[in-house]
Structures are given as C-alpha cells and as structure tokens.
S.K.: 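Attaching a single structure in structure tokens format; questions to follow.
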Amino acid sequence: MTTPAFCQQNHWVTRFAPSPTGPLHLGHIAAAFFARRHADHGGQFLLRIEDIDTVRCRETFIQEALDDLAWTGLHWEKEVLRQSERMPLYQETLDTLRLKGLVYPCFCTRADVAREAAAAFSAPHHTPDGSLLYPGTCRLLDDAERARRIAAGMPYALRLDVQKALDRLGTPSLSYHELGRGPVTCHPGLFGDVVLARKDIPASYHLCVTHDDAAQGVTLVTRGEELRDVTAIHRLLQELMKWPEPVYAFHPLLVDSAGKKLSKRDGALSIRAMRESGMSPEEVRKAAGVTL
Ligand code: GLU
C-alpha cells in the first residue's frame with residue numbers, strides 16, 4: 001500500500017496539550033518532548049491549555065506548568081491557546097452537528113445509565129476506554145418530551161448519535177494513519193453515543209481536542225497510547241465536520257517502580273518538587289527518558 005502524501009512530510013505541526021488539574025510530573029515532560037521532537041526539522045511545536053473543566057483546573061497550575069516546561073528546555077510557538085476562552089467555537093460545532101440531526105439531549109444521570117445498561121444488556125458492556133456503554137435511552141425520546149424536560153429545567157448533556165453519523169457517512173468503520181505503522185481501521189460504534197457537551201460544561205474532551213487540532217493546523221497528533229482507541233471518535237468528528245485528517249503517533253506511558261501509570265491523583269512526584277530538591281533540567285529530562 002502506498003503512503004498517502006500527508007504522511008510523507010517531516011515538518012510536522014505538533015502540540016502538547018496539558019489539562020491543568022495538578023502539577024506537571026515526569027509523564028508530562030516525556031509527552032511534551034515527544035511532541036516537540038516530531039516538530040524538529042522545520043515543523044512547529046504548539047502549546048495548548050485544555051482547561052474546560054473550570055472546577056478542576058487552576059490558574060496556578062497553568063502558570064507553574066508554563067514555567068516548568070520552559071525550565072526543562074522547551075520552546076513553543078508564541079501563541080498559547082486556552083480552551084476555556086474558546087467556548088463559542090465549540091458551540092458552533094455543536095450547532096452544526098445539531099442541524100445535521102446528529103446530536104440529542106441526554107437527561108440521564110450516572111445512576112440512570114447504570115440501571116438502563118443493566119436492563120438493556122445481559123452482561124455489562126463497556127466502551128474501549130472503560131466507560132459503561134450508553135444504551136441509548138434518551139435517543140428514543142420524541143421531540144415533545146425533550147422540549148418538556150428542557151422547559152422543566154432538567155439538566156442535560158449532548159450526545160452524538162454515532163450510528164446515525166456512520167450511516168450518514170455510509171461506512172461502519174473508519175481508519176487513521178499511525179506514524180511508522182500505516183493505516184489502522186477503527187470502529188467508532190464501539191463507543192456508543194459519546195457525550196459531546198457535558199451537563200456541567202457545554203463541551204467535552206473529544207469535541208474540543210479535535211476542534212482545536214483542526215483549527216490550529218496540527219498535522220501530527222501525539223498522545224499517550226492509553227488514548228489510542230479514542231482516535232475512532234476523533235476520526236468520526238473530523239469526517240462529520242470535514243476537518244483535515246492528521247497523522248497520529250502514540251508514546252508509551254511512563255510508569256512508576258510498581259509498573260503503575262504516573263498520575264497527578266496518586267501524587268506522582270511533581271517537576272516543581274524535583275526542582276526544589278535541587279535537580280537540574282538535564283537530570284529531570286533524563287528521569288523522563290528524554291534525550292535532546
Ligand atoms: N489534555 C489531555 C490530557 O491532559 C491530552 C490531550 C490529548 O488528548 O492529546 O490528558
């Protein structure tokens with residue numbers, strides 16, 4: 001099979017897109033340098049702050065992240081996008097999909113989803129990223145009932161009708177190109193009707209990340225391999241919105257001595273703490289497995 005022209009370039013536009021919900025740790029440094037390295041040879045390396053979750057994200061984490069990244073020796077393009085400032089753009093995308101009849105309001109609580117899923121399936125079904133498969137309860141509501149619930153002030157999320165979207169595209173599966181691997185077939189249907197706008201935030205990770213990668217002209221999306229499967233949903237959104245298709249590259253996750261993923265929640269040692277303990281940028285890069 002021949003490699004499509006868009007895979008043959010080597011001046012990639014890449015980005016590092018942290019969510020500032022805690023201090024940066026070594027996994028972030030490894031991910032940031034992975035993206036930066038692919039933008040060598042005349043590409044561009046962008047930084048984007050994914051701070052739509054205004055409850056969990058903090059301004060201090062953003063400032064510290066920028067400072068830590070610069071301290072470790074990273075340089076990025078001047079403009080740093082913040083997703084929290086881009087809500088009207090995400091709304092436009094939602095409106096486009098709504099006009100195509102591809103999104104619907106979902107009033108279910110987590111408990112509703114668990115109960116309906118147990119009733120709908122003989123065994124619990126999960127999506128590739130481990131969430132409970134949504135059984136489509138609210139997809140079946142008629143317009144009058146939707147209007148009644150919205151008028152009554154019931155909170156709702158917006159879900160993508162994935163089957164309808166695939167039917168519209170005339171295909172049950174899509175594909176993406178992984179750098180060094182070639183075309184990979186993916187099945188958005190395995191995710192069920194994903195949430196595109198949360199009840200508490202009028203947007204979602206899938207919506208914002210694909211919107212912004214397209215808007216910023218990112219040609220190579222790099223991320224941890226634990227996010228490989230969600231590429232199926234991102235490809236679906238790109239096809240529906242006629243956004244350009246990027247190439248993908250996935251990096252292995254850094255794990256702790258017990259083989260567990262480093263995470264802010266579990267108190268992985270922060271870059272800040274390493275700096276305060278007297279480590280040099282070079283030592284921190286080395287601990288993250290980064291070679292310049
Ligand atoms: N903001 C996401 C995170 O911090 C990563 C963005 C992406 O998927 O590339 O997990």
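Note that this is a predicted model, so its numbers are computed, not measured. Read the numbers this way: they start at 1 and go in the same order the structure lists the ligands and their atoms.
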S.K.: Tell me every residue that passes salt bridge (Lys or Arg N to Asp or Glu O under 4.0 Å) with R168, counting only those two or more places apart in sequence or in another chain.
M.R.: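 By the salt bridge (Lys or Arg N to Asp or Glu O under 4.0 Å) rule, R168 matches no residue at all.
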
S.K.: For A17 and ligand 1, does the shortest N/O to N/O distance drop below 3.5 Å?
M.R.: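 Checking ligand 1 against A17, an N or O pair does fall under 3.5 Å apart.
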
S.K.: Closer than 4.0 Å to some heavy atom of S19 - which atoms of ligand 1 meet that?
M.R.: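 By the 4.0 Å cutoff, the relevant atoms are 1 (N), 2 (C), 3 (C), 4 (O).
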
S.K.: Give the atoms of ligand 1, by number and element, whose distance to some non-hydrogen atom of L227 is under 4.0 Å.
M.R.: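 In order of numbering, the contacting atoms are 8 (O).
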
S.K.: Is the distance from the ring center of F33 to that of H38 below 6.0 Å?
M.R.: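 No - the distance between ring centres of F33 and H38 does not fall below the 6.0 Å cut-off.
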
S.K.: Show me the pairs that pass salt bridge (Lys or Arg N to Asp or Glu O under 4.0 Å) and involve residues 172-190, at least two apart or across chains.
M.R.: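 Checked against salt bridge (Lys or Arg N to Asp or Glu O under 4.0 Å) - neighbours excluded - the pairs reaching residues 172-190 are E178-R181, E178-R228.
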
S.K.: Indicate, as side chain, backbone, both or neither, the part of R15 found under 4.0 angstrom from ligand 1 when only non-hydrogen atoms are considered.
M.R.: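 The side chain, only.
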
S.K.: Answer side chain, backbone, both or neither: which part of V221 comes under 4.0 Å from ligand 1, heavy atoms only.
M.R.: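 No part of V221 comes within reach of ligand 1.
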
S.K.: Heavy atoms, side chains only, cut-off 4.5 Å: are L158 and V195 in contact?
M.R.: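 Result no, sub-4.5 Å side-chain heavy-atom pair not found.
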
S.K.: Knowing that exactly one of D213, D212, L207 qualifies, which makes a side chain to side chain contact (heavy atoms under 4.5 Å, CB included) with V209?
M.R.: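 Considering D213, D212, L207, a side chain to side chain contact (heavy atoms under 4.5 Å, CB included) with V209 is found only for D213.
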
